[in-house]
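Worksheet for the structure shown next.
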Amino acid sequence: MIPAANHAWRPVTLLPLQGVHPAARLGLGLLAVVSALLLPAPALVLLAVLLGWLLGRAGWPIAHLGATLRSWSWLAAVVLAAHTLSATDIAPLGHPSWIGLGRGALALGRLALMLTATGLLIRLLPLTDLTAALAWWLRPLRPLGVDTRHLGVTLAVALNTAP
């Protein structure tokens, strides 16, 4: 976990997508995570620009990006080394390749976009909105016995936000 990452946000009065129903925000956030995982590499640039713009509008200061990335640099080096040395369809195992390095960079980019989308989703969905969104999405399961009346308490305990 990044130390004090939850304190990196500056307060803003109007968050982006605040007027959109919480279920739609949750759906868009999950769509962004899945898109970061499945889109072709050129489309990831557009997703990165969109997520960056939304993060800026949500109050995340760009000045904290360096410190955030620095704390994860050792993991990025391990991922790049593993991909560089293990692209066996290009070079024998243990022999570095540029294609393996590119694949590692793409994997790190995808991971960064998924974490960015998740962080933005957490910022845009406070606990009350998250509860409303999940209750809306779970509504079709009511005939099967899914009870959403205590969903808020369950989420508060699960997310460690209960007093």
Side-chain angles (χ1 to χ4, degrees), residues 1-2 5-12 14-84 86-90 97-141 146 148 151 154-155 158-161:
M1 182 171 195
I2 301 170
N6 57 342
H7 301 296
W9 298 93
R10 70 175 188 262
V12 291
L14 184 62
L15 292 173
L17 305 175
Q18 193 172 15
V20 178
H21 191 275
R25 281 184 272 163
L26 179 62
L28 287 172
L30 294 177
L31 181 64
V33 170
V34 170
S35 297
L37 185 62
L38 299 176
L39 284 176
L44 294 178
V45 175
L46 181 62
L47 181 62
V49 169
L50 177 65
L51 289 175
W53 178 74
L54 285 171
L55 274 175
R57 292 273 323 252
W60 189 73
I62 195 72
H64 291 168
L65 182 61
T68 303
L69 292 178
R70 208 172 308 117
S71 64
W72 290 96
S73 60
W74 64 273
L75 182 63
V78 169
V79 169
L80 286 176
H83 278 278
T84 301
S86 66
T88 56
D89 59 326
I90 303 301
S97 67
W98 288 107
I99 292 179
L101 182 68
R103 288 179 185 167
L106 181 61
L108 284 175
R110 288 184 189 280
L111 177 65
L113 286 174
M114 287 188 293
L115 291 174
T116 302
T118 304
L120 183 63
L121 184 61
I122 289 169
R123 176 67 174 156
L124 296 179
L125 278 174
L127 185 59
T128 55
D129 286 352
L130 180 61
T131 304
L134 285 175
W136 190 89
W137 282 105
L138 293 174
R139 203 177 47 182
L141 299 177
V146 175
T148 59
L151 188 61
T154 306
L155 283 175
L159 296 174
N160 200 20
T161 58

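Model, not experiment: these values are computed from the prediction.
- For Leu30, the side-chain contact (heavy atoms from CB on, under 4.5 Å) partners are Leu26, not counting sequence neighbours.
- When the salt bridge (Lys or Arg N to Asp or Glu O under 4.0 Å) test is applied to Arg110, no partner is found at least two apart in sequence or on another chain.
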Derivation of the side chain to side chain contact (heavy atoms under 4.5 Å, CB included) call for Leu134 and Thr148:
CA-CA 8 Å; Leu134 285 175; Thr148 59; over 6 Å; no
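- Qualifying side-chain contact (heavy atoms from CB on, under 4.5 Å) partners for Leu69, counting only residues two or more places apart in sequence or in other chains: Leu65.
- The list of salt bridge (Lys or Arg N to Asp or Glu O under 4.0 Å) pairs with a residue in residues 35-51, not counting sequence neighbours, is empty.
- For CD1 of Ile99, the number of neighbouring non-hydrogen atoms (other residues, nucleotides, ligands) closer than 6.0 Å is 12 at most.
- Pairs passing the side-chain hydrogen bond (donor to acceptor under 3.5 Å, both in side chains) check and including a residue from residues 25-50, sequence neighbours excluded, read Arg25-Asp129.
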Contacts table for residues 36-51: side-chain donor-acceptor under 3.5 angstrom, sequence neighbours left out:
none

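- In this view, Thr84 and Pro96, Leu101 satisfy the side-chain contact (heavy atoms from CB on, under 4.5 Å) rule, not counting sequence neighbours.
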Working note: Arg123 + Trp60, criterion side chain to side chain contact (heavy atoms under 4.5 Å, CB included); need CA distance, chi angles, decisive distance, verdict.
CA-CA 10 Å; Arg123 176 67 174 156; Trp60 189 73; over 6 Å; no
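- For residues 97-106, the set of pairs meeting the side-chain hydrogen bond (donor to acceptor under 3.5 Å, both in side chains) definition, not counting sequence neighbours, comprises Asp89-Arg103.
- Pairs passing the salt bridge (Lys or Arg N to Asp or Glu O under 4.0 Å) check and including a residue from residues 44-56, sequence neighbours excluded, do not occur.
- Residues that satisfy the side-chain contact (heavy atoms from CB on, under 4.5 Å) test with Ala112, not counting sequence neighbours, are absent from this structure.
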